[in-house]
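Reading through the structure tokens given below for one structure.
Nothing here was measured: the structure is a model prediction, and the numbers come from that model. By convention here, the first residue in the shown sequence is residue 1.
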Amino acid sequence: MTSDKGIFIKNIYYMLSYAFKILKQTHYEKVAAEEFENVQDLFAAILAKGVAQQVKQGLYREYIPMEETLAVMRGKLDMQGTIRNRIQRRQKLDCEYDELSENNLMNQIIKTTMYYLVKDSGVKQERKNALKKLLVYFDGIEMPEPSSVQWNRIQYQRNNRSYEMLINICYLVLEGMLQTTESGQYRMVAFSDEHMERLYEKFILEYYRQEHTELDDVRAAEVKWDLMGEYEPGTLKFLPKMQTDVMLRMGNRTLIIDAKYYTRVLQSQYNRETFHSNNLYQIFAYVKNTDIGNTGNVSGLLLYAKTDEDVTPDTVFNMAGNQIGARTLDLNKDFSQIQAQLDGILGEFLVDERMKCA
């Protein structure tokens, strides 16, 4: 089955498995072997397996600030509340203390996500049943409104690292798929392009990192401006940051990939179709500022997710001594064909001609 953008749902799973390596562990094998009609059914299956595993290990607990009126002292005394109790002739103490609790933000997010997936018509009944059983373990945990979740408060450390993939799946559901109706309720909608774009970028980076260990370097590197001369303190802050999606190095060669996930790959100007101007200017700037000394050993590639447009870019230009090209990656193909295309890009841009002939 495919999503609204013509992407095999199974390929979304493969992309997730590279973005979050935990999906390659044995307890996700059944999920990998299944076919899914809707992306929300896929997310429900992943959460059902992942949360069940987390329940076995124990839900994450953290210290939560508590305020309570008690007969005995606990934690720190709240003087104002205690004085008020004395005035009211109540022999009680107002105390403030920290309690180790499962009712924390991460567990609240997971509970909210499971709740909305259970209500969604695109999730199969067997998946709903599995999620309902897991919700029992979240009985004492609050369930915030999706729109009120403060994602920037989430911090990962050694004790909750196993939650990272689960929380990211929850983010894709709550932020990428839920839409508020006029009555204030939530309904499931198509997986948003914005969140698919982030997954697409992370997938490409992690694919090269995991499958091509022969590369000397694989990262999402920041490109520094190749500036000459001296500048007044504080003036450099006005220059925009150049953050690449993927930078690959092999020997003295570098390939910068800018991953693009658009509804339309090309723009129409004056009755002709061209690359998006900003995309081309951006990759050119990345390449020229990386290739200090104009060696020609730095290349750039705009890698678009294929759409249903008749015309798709597949070309390479020599721009001021550097190779800059554009390709489309068809996510509606068998995953082995996607792998073959990604592997072929390395052979085209990073492998020296002498190595090809050897």
Side-chain angles (χ1 to χ4, degrees), residues 1-25 28 31-32 34 36 38-43 45-47 50 164-173 175-177 190-215 217-221 243-249 255-263 265 279 283 286 300-307 312-313 325-350:
M1 286 292 182
T2 62
S3 68
D4 291 348
K5 289 279 288 184
I7 301 171
F8 282 164
I9 300 297
K10 195 54 171 278
N11 285 341
I12 293 180
Y13 176 81
Y14 287 131
M15 293 167 73
L16 286 166
S17 71
Y18 279 98
F20 306 105
K21 289 185 285 185
I22 191 173
L23 285 174
K24 295 183 179 180
Q25 294 183 0
Y28 288 101
V31 177
E34 290 190 56
F36 298 92
N38 300 289
V39 69
Q40 55 263 46
D41 194 37
L42 168 63
F43 289 158
I46 294 173
L47 275 184
E164 186 172 8
M165 186 274 294
L166 298 176
I167 295 298
N168 274 275
I169 294 294
C170 292
Y171 179 81
L172 293 175
V173 173
E175 287 288 295
M177 297 179 67
F191 194 17
S192 75
D193 283 357
E194 177 187 353
H195 295 89
M196 190 64 205
E197 181 180 14
R198 294 182 187 179
L199 176 59
Y200 180 60
E201 292 172 6
K202 189 170 176 61
F203 156 64
I204 294 170
L205 175 67
E206 291 300 328
Y207 177 83
Y208 285 120
R209 181 174 283 155
Q210 295 172 40
E211 298 295 339
H212 288 278
T213 55
E214 77 276 13
L215 292 169
D217 193 18
V218 180
R219 57 197 173 105
Q243 180 64 52
T244 65
D245 295 333
V246 183
M247 183 181 285
L248 311 176
R249 294 186 190 275
L255 172 62
I256 299 172
I257 298 177
D258 211 8
K260 298 297 183 185
Y261 189 91
Y262 291 157
T263 302
V265 171
N279 294 172
I283 195 70
Y286 288 175
L301 181 67
L302 296 169
L303 188 55
Y304 293 96
K306 189 180 184 303
T307 66
T312 54
R327 293 281 186 273
T328 54
L329 189 64
D330 192 347
L331 300 175
N332 195 22
K333 297 283 188 182
D334 186 84
F335 193 72
S336 62
Q337 293 177 261
I338 296 173
Q339 289 177 300
Q341 188 174 347
L342 291 173
D343 296 345
I345 287 170
L346 293 186
E348 181 179 1
F349 288 94
L350 285 185

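Of the possible polar contacts, none joining the Arg249 side chain to the Asp217 backbone as a donor-acceptor pair under 3.5 Å is found. Looking at Tyr208, its side chain does come within 3.5 Å of a backbone N or O of Leu342 through a donor-acceptor pair. Proximity of a side-chain donor or acceptor of Ser17 to a complementary backbone N or O of Leu23 within less than 3.5 Å is not detected. The backbone N or O of Leu42 sits nowhere less than 3.5 Å from a side-chain atom of Glu34 that would complete a donor-acceptor pair.
You'll find the side chain of Leu248 stays beyond 4.5 Å of the side chain of Ile345, heavy atoms only.
Applying the side chain to side chain contact (heavy atoms under 4.5 Å, CB included) test to Ala220 and every residue at least two apart in sequence or in another chain returns Leu205, Gln243. Asp41 is linked by a side chain to side chain contact (heavy atoms under 4.5 Å, CB included) to Phe36, Asn38, Val123, Lys124, Arg127, counting only residues two or more places apart in sequence or in another chain. Annotation: side chain to side chain donor-acceptor pair (under 3.5 Å) contacts of Glu164 (sequence neighbours excluded): Arg161. In this structure, Asp343 has no salt bridge (Lys or Arg N to Asp or Glu O under 4.0 Å) partners at least two apart in sequence or on a different chain. Residues meeting the side chain to side chain contact (heavy atoms under 4.5 Å, CB included) test with Asp258, sequence neighbours left out: Asp245, Lys260, Gln282, Ile283, Tyr286, Leu302. Partners of Ser336 according to the side chain to side chain contact (heavy atoms under 4.5 Å, CB included) rule, which considers only residues two or more places apart in sequence or in another chain, are Asp334, Gln339.
A salt bridge is defined here as a Lys NZ or Arg NE, NH1 or NH2 lying under 4.0 Å from an Asp or Glu carboxylate O, and Glu206 with Arg209 meets this definition. Looking at Arg327 and Glu348, a side-chain N of the basic residue comes within less than 4.0 Å of a carboxylate O on the acidic one, giving a salt bridge.
The CG atom of Leu199 sits 7.5 Å away from the CD1 atom of Ile12 when rounded to the nearest 0.5 Å.
Phe203 and Phe335 have tilted rings, their planes meeting at an angle from 30° to 60° on a 0 to 90° scale.
Heavy-atom contacts from other residues, nucleotides or ligands closer than 6.0 Å to NZ of Lys21 number 12 or fewer.
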